[in-house]
Colleague: 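This is the structure I want to talk about, given as structure tokens.
Letters A, B, ... mirror the listed sequences (proteins, then strands); counts begin at 1.
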Number of protein chains: 2
Amino acid sequence: MDFTTSSRDVLAAGGAQLPPAPARTPSRAAPAPQCVGCGARQRCLPAGLSEHEARCLHAVTIGRRRVRKGQALYREGERFLFLYAVRFGTFKSTAMLNSGSDQVTGFHLPGDVMGFDATVSNRHPTTATALEDAEACALPYSQLTDACAEERSLRMQMLRLAGAELVRDQRLLALIAHTHSEQRVAAFLLSLSQRMRERGFSPSDFLLRMTRAEIGSYLGTTLETVSRSLSAFARRGFITVRRRQIHLADLDALRAEFETDLP
Amino acid sequence: MDFTTSSRDVLAAGGAQLPPAPARTPSRAAPAPQCVGCGARQRCLPAGLSEHEARCLHAVTIGRRRVRKGQALYREGERFLFLYAVRFGTFKSTAMLNSGSDQVTGFHLPGDVMGFDATVSNRHPTTATALEDAEACALPYSQLTDACAEERSLRMQMLRLAGAELVRDQRLLALIAHTHSEQRVAAFLLSLSQRMRERGFSPSDFLLRMTRAEIGSYLGTTLETVSRSLSAFARRGFITVRRRQIHLADLDALRAEFETDLP
DNA sequence: CGGGCCATTGAAGTATGTCAAAGTTTGTGG
DNA sequence: CCACAAACTTTGACATACTTCAATGGCCCG
């Protein structure tokens with residue numbers, strides 16, 4: 001990890017943590033057979049693997065699951081059989097609280113691999129819901145761990161992806177535990193911007209696929225506070241907001257906002 | 001995972017999530033050669049593996065590292081070479097914030113395996129410090145992933161341990177994001193109590209190895225609030241506190257406290 | 001085109017952070 | 001072994017960021 005920028009990537013997705021691809025294949029990951037032509041390939045499971053190394057994925061039968069907006073890819077409590085890699089679209093992960101309400105634990109963009117948290121109990125501890133029409137690859141966990149026997153680099157990639165999620169959660173924890181709400185919202189926007197950039201989208205203009213309430217739940221605050229923070233940023237000229245449409249007019253100002261007065 | 005009690009194990013350590021041992025060896029995990037005689041064995045890496053399965057750990061040279069109170073086992077930014085399994089003593093994990101102050105990201109008891117968060121970047125993103133004189137096993141990560149080639153169950157155990165930490169962080173996140181400070185402190189005490197029980201210590205009488213400030217940092221609040229919460233519990237007769245010595249007089253009342261008025 | 005969801009904004013109440021001071025324990029060095 | 005210093009904890013008073021409650025308006029989808 002590049003520690004000089006770590007403070008700016010507080011909420012970066014797991015994929016953002018991957019080291020650069022080996023020099024041999026500088027700008028694109030080696031294609032696993034089923035992955036050829038997938039737009040998310042370079043941020044997904046085969047990322048960073050050589051062609052030879054990715055060959056062991058031949059043995060894995062990868063299914064595709066189309067999910068409509070609002071529908072669940074898997075639900076809390078379901079048996080754990082697959083890891084899921086986002087092909088396109090956006091997902092949220094949620095966990096039910098005692099009270100019955102939902103806590104949002106993550107947002108997932110193309111290339112993200114979901115489901116590592118199910119390895120403990122063989123049940124999914126969260127529900128994954130599509131925030132727009134989306135598609136994911138279903139990776140049979142059993143076959144995947146079998147494939148790991150052959151290729152050391154795949155073994156390490158699996159643990160790396162799990163570790164990436166761990167780091168992401170730790171940073172979110174630090175953010176929520178130690179900053180004020182405006183800084184959290186700023187960090188959220190910066191993180192999303194960075195993830196959009198990494199996926200080839202505009203880092204300064206994008207559509208929020210989640211509601212203010214979902215952002216609030218994720219950041220440990222209320223929808224009103226999120227809305228007020230966005231309005232405050234807009235008033236100060238950092239951003240333009242119109243409903244879900246976000247334009248980041250001054251990324252540096254936003255970064256400064258996020259870095260100020262930490263305890 | 002047992003979902004009926006999940007709400008009570010909010011902060012449970014990774015080890016707490018392991019499924020029961022196979023019927024063949026009901027009450028003790030199969031010994032890896034170096035692990036024979038280790039008190040933490042049943043909650044550690046070889047937990048749940050059969051004797052045959054644990055044999056592949058032969059090839060792993062396990063070193064022991066003695067650490068005095070206040071000293072670091074590894075530091076943030078150091079190269080990632082080993083996972084560490086706690087033999088005895090208590091550790092805290094901390095990450096430096098922008099401001100230079102430390103955020104506590106976890107407490108680790110015997111049997112806990114630390115370091116999975118380093119798999120992403122090949123650097124430790126946190127510092128592990130002993131809260132009392134302690135000892136840990138250093139597991140060479142490279143050898144460990146090699147050993148995974150042979151044994152499927154070891155591969156799964158590795159991912160399971162990483163996933164356990166993930167679940168723990170997610171629950172802590174939900175706790176901090178969605179509860180008031182007294183509930184967090186109650187949950188912290190309950191979690192510690194549970195972890196003590198799992199390790200064969202008294203679940204109702206134990207010594208806190210961490211300061212109020214460290215608890216506060218971990219729970220996203222201040223040392224004063226932690227102190228006030230403990231005093232409040234004591235005043236209501238749920239617990240007795242004397243400095244670091246804790247006696248849980250009424251576990252059920254504490255659970256009720258923790259479960260009340262979630263949003 | 002209408003109903004429901006979503007977002008914005010205001011006003012008021014409150015939990016908790018902050019500042020401060022005193023007491024207690026632990027550790028250290030003479 | 002004692003004495004002093006440093007670190008930790010407790011408790012109080014005050015300030016404030018944020019939640020809560022409420023009302024309005026806009027947008028989208030059926």
Colleague: Side-chain N or O of A:Thr211 less than 4.0 angstrom from OP1 or OP2 on C:dC5?
Modeller: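 The answer is no; no side-chain N or O of A:Thr211 sits under 4.0 Å from OP1 or OP2.
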
Colleague: Other residues, nucleotides and ligands only: do more than 12 of their heavy atoms fall within 6.0 Å of CZ on B:Arg244?
Modeller: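 Enclosed: over 12 neighbouring heavy atoms sit under 6.0 Å from CZ of B:Arg244.
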
Colleague: In whole angstrom, what separates B:Glu182's CD from C:dT16's C1'?
Modeller: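 Those two atoms, CD and C1', are 11 Å apart.
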
Colleague: Can you measure B:Glu132 atom CD to C:dG27 atom P for me and round it to whole angstrom units?
Modeller: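 Roughly 13 Å, once rounded to whole Å.
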
Colleague: To the nearest Å, give me how far apart NZ (A:Lys69) and P (C:dC5) are.
Modeller: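 My rounded result for the distance is 13 Å.
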
Colleague: Short question: side chain of B:Thr129, backbone of B:Lys92 - any donor-acceptor pair under 3.5 Å?
Modeller: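 Judged by distance alone, no pair lies under 3.5 Å.
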
Colleague: Are the aromatic ring centres of B:Phe107 and B:Phe91 under 6.0 angstrom apart?
Modeller: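 For B:Phe107 and B:Phe91, the ring centres are not under 6.0 Å apart.
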
Colleague: What is the distance, to the nearest angstrom, from the CZ atom on A:Arg68 to the P atom on D:dG30?
Modeller: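 Spelled out: CZ on A:Arg68 to P on D:dG30 is 11 Å.
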
Colleague: Between A:Lys69 and A:Glu132 (salt bridge meaning N to carboxylate O under 4.0 Å), is one present in this structure?
Modeller: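 No, no charged N to carboxylate O under 4.0 Å.
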
Colleague: Restricting to ring pair (Phe, Tyr, Trp, His ring centres under 6.0 Å), what partner residues turn up for A:Tyr74, sequence neighbours left out?
Modeller: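 A:Tyr74 satisfies ring pair (Phe, Tyr, Trp, His ring centres under 6.0 Å) with A:Tyr84, A:His124 once adjacent residues are dropped.
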
Colleague: Assign a letter to each nucleotide of nucleotides 10-16 of chain D from its 5' end: B, base within under 4.0 Å of a protein heavy atom; S, sugar-phosphate only; -, no contact.
Modeller: BBBB---

Colleague: Quiz question: by atom type and distance under 3.5 Å, do the side chains of B:His108 and B:Ser93 form a donor-acceptor pair?
Modeller: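 Their side chains do contain a donor-acceptor pair, which is all the 3.5 Å distance test asks for.
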
Colleague: What residues form a side chain to side chain contact (heavy atoms under 4.5 Å, CB included) with A:Glu224, not counting sequence neighbours?
Modeller: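 By the side chain to side chain contact (heavy atoms under 4.5 Å, CB included) rule, A:Glu224 matches A:Thr222, A:Arg228.
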
Colleague: Whole angstroms only, please: what is the CG-P distance between B:Leu131 and D:dC8?
Modeller: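 In whole Å, D:dC8 P lies 11 Å from B:Leu131 CG.
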
Colleague: So, is B:Thr221 close to the C:dG17 phosphate, meaning a side-chain N or O under 4.0 Å from OP1 or OP2?
Modeller: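 It does, given that an N or O in the side chain of B:Thr221 lies less than 4.0 Å from OP1 or OP2 of C:dG17.
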
Colleague: Compute the angle between the rotation axes at the two ends of the helix from C:dC1-D:dG30 to C:dG30-D:dC1, each taken over five pairs, rounded to 10 degrees.
Modeller: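 Nearest ten degrees gives 60° for this helix.
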
Colleague: Just the rounded figure in Å: distance from C1' of C:dA7 to CZ of A:Arg209.
Modeller: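 Result: 18 Å.
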
Colleague: When you compare the protein's N or O atoms with those of nucleotides 1-3 of chain C, which come within less than 3.5 Å of each other, and at what distance?
Modeller:
none

Colleague: What are the two closest heavy atoms between B:Gln103 and A:Ala177, and how far apart are they?
Modeller: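 That closest heavy-atom pairing would be OE1-CB, 4.1 Å.
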
Colleague: If you define the side chain from C-beta out and look only at heavy atoms, does anything of B:Leu230 sit under 4.5 Å from B:Arg212?
Modeller: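 Sidechains of B:Arg212 and B:Leu230: in contact.
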
Colleague: Which residues satisfy the ring pair (Phe, Tyr, Trp, His ring centres under 6.0 Å) test with B:Phe238, sequence neighbours excluded?
Modeller: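 B:Phe238: no ring pair (Phe, Tyr, Trp, His ring centres under 6.0 Å) contacts found.
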
Colleague: Taking 4.0 Å as the cut-off, does a side-chain nitrogen or oxygen of A:Arg244 come that near to OP1 or OP2 on C:dA7?
Modeller: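 For C:dA7, OP1/OP2 do have a side-chain N/O of A:Arg244 under 4.0 Å.
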
Colleague: Grab the NE2-P distance between B:His178 and D:dT19 for me, whole Å please.
Modeller: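 Whole-Å distance recorded here is 11 Å.
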
Colleague: Are the charged groups of B:Arg65 and B:Glu135 less than 4.0 angstrom apart, N to O?
Modeller: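 Looking at B:Glu135 together with B:Arg65, the answer is no, because their closest N to O distance does not fall below 4.0 Å.
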
Colleague: What is the distance, to the nearest angstrom, from the CG atom on A:Leu219 to the C1' atom on D:dA17?
Modeller: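 Interatomic distance, CG of A:Leu219 to C1' of D:dA17: 16 Å.
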
